[in-house]
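In what follows, a single structure is set out as structure tokens and then discussed.
Note that the coordinates shown come from a computational prediction; the quantities given were computed from them, not determined experimentally. In what follows, chains carry the letters A, B, and so on, assigned in the order in which the sequence lines appear, proteins first and then strands, with residues in each chain numbered from 1.
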Amino acid sequence: MQYWLMKSEPGEFSIDDLKRVRVEPWDGIRNYQARNFIRDQMSRGDRAFFYHSSCKTPAIVGTMKIAGAAYPDPTAFDPKNAHYDPKSDPDNPTWMLVDVRFVRKFKHPLTLEQLKCERRLAGMRLLKRGNRLSVFPVDKAHWEHIHKMLEK
DNA sequence: GCCAACGTTGGC
DNA sequence: GCCAACGTTGGC
């Protein structure tokens with residue numbers, strides 16, 4: 001089992017939205033590195049942090065489970081969709097997605113500011129300068145340390 | 001709104 | 001294949 005972090009702008013789709021709908025296709029990924037993680041390395045049952053980005057208080061706000069294997073992202077073929085990609089061939093789709101299932105919403109979000117203060121998270125990709133990837137793996141040690149922070 | 005970082009595009 | 005220009009991300 002692997003651990004992940006997935007970003008979403010809460011104005012677009014938040015942890016509360018996921019809590020309400022329970023399962024959601026994580027669509028709109030248009031970055032090859034993120035696509036490769038999704039397509040090649042994610043498996044059903046993997047765990048992921050839900051991260052709120054581009055908002056007042058960027059934070060890890062909860063966890064979710066990868067609900068199944070990757071499949072083609074239908075929004076890439078919809079001209080009306082903001083993430084429409086006319087170059088993606090329906091017979092050989094460029095963009096893939098996974099369904100995610102709600103697991104929990106943290107009582108108190110772990111803010112980016114808090115996370116930066118943790119020496120044990122120093123190597124985490126989220127905290128690296130210039131990080132823009134919206135989907136990436138999280139080390140088991142980091143996953144566990146972040147859960148320890150919740151107990152405080 | 002600013003701007004650094006990074007990915008993508010396209011001319012050569 | 002190089003690299004400048006451009007677009008996007010995302011914290012601040």
Below 3.5 Å between N/O atoms, which protein atoms pair up with nucleotides 2-8 of chain C? Just atom names and distances, please.
{"from": "C:dT8", "atom 1": "O2", "to": "A:R132", "atom 2": "NH1", "distance (Å)": "2.4"}

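- Counting to the nearest Å, the C1' atom of C:dT9 and the CZ atom of A:R30 are 16 Å from each other.
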Result block: side-chain N/O donor-acceptor pairs under 3.5 angstrom for residues 133-143 of chain A, not counting sequence neighbours:
{"from": "A:K140", "atom 1": "NZ", "to": "A:E144", "atom 2": "OE2", "distance (Å)": "3.1"}
{"from": "A:H142", "atom 1": "NE2", "to": "A:R120", "atom 2": "O", "distance (Å)": "3.4"}

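- A:F50 pairs by the ring pair (Phe, Tyr, Trp, His ring centres under 6.0 Å) definition with A:W26, A:H52, not counting sequence neighbours.
- Using cut-offs of 30° and 60° for the angle between ring planes, the A:W95 and A:Y32 rings count as tilted.
- Protein atom CG of A:L112 is 12 Å distant from nucleotide atom P of C:dG10, rounded to whole Å.
- Taking the side-chain contact (heavy atoms from CB on, under 4.5 Å) definition, one finds that A:E12 meets it with A:E9, sequence neighbours left out.
- Near-neighbour residues of DNA chain C inside residues 50-59 of chain A, defined by a heavy atom below 4.0 Å, number-ordered: A:Y51, A:S53, A:S54, A:P58.
- Summarising the geometry, the separation between CZ on A:R125 and C1' on C:dT9 is reported as 15 Å, rounded to the nearest angstrom.
- At C:dG10, one or more side-chain N or O atoms of A:K7 fall inside 4.0 Å of OP1 or OP2 (strictly under the cut-off).
- Using a 4.0 Å heavy-atom distance criterion, A:K128 is classed as making no nucleic acid contact.
- For A:W4 and A:F37, the ring centers are positioned less than 6.0 Å apart.
- Under a 4.0 Å N-O distance rule, the pair A:D17/A:R20 qualifies as a salt bridge.
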Give every donor-acceptor pair under 3.5 Å between a side-chain atom in residues 61-77 of chain A and any protein atom, sequence neighbours left out.
{"from": "A:Y71", "atom 1": "OH", "to": "A:D99", "atom 2": "OD1", "distance (Å)": "2.6"}
{"from": "A:D73", "atom 1": "OD1", "to": "A:T75", "atom 2": "N", "distance (Å)": "2.9"}
{"from": "A:D73", "atom 1": "OD1", "to": "A:T75", "atom 2": "OG1", "distance (Å)": "2.7"}
{"from": "A:D73", "atom 1": "OD2", "to": "A:G28", "atom 2": "N", "distance (Å)": "2.8"}
{"from": "A:D73", "atom 1": "OD2", "to": "A:R30", "atom 2": "NH1", "distance (Å)": "3.0"}
{"from": "A:D73", "atom 1": "OD2", "to": "A:T75", "atom 2": "OG1", "distance (Å)": "3.3"}
{"from": "A:T75", "atom 1": "OG1", "to": "A:R30", "atom 2": "NH2", "distance (Å)": "2.9"}

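- For A:S14 (side chain) and A:D16 (main-chain N/O), a donor-acceptor pair under 3.5 Å exists by modelled atom type.
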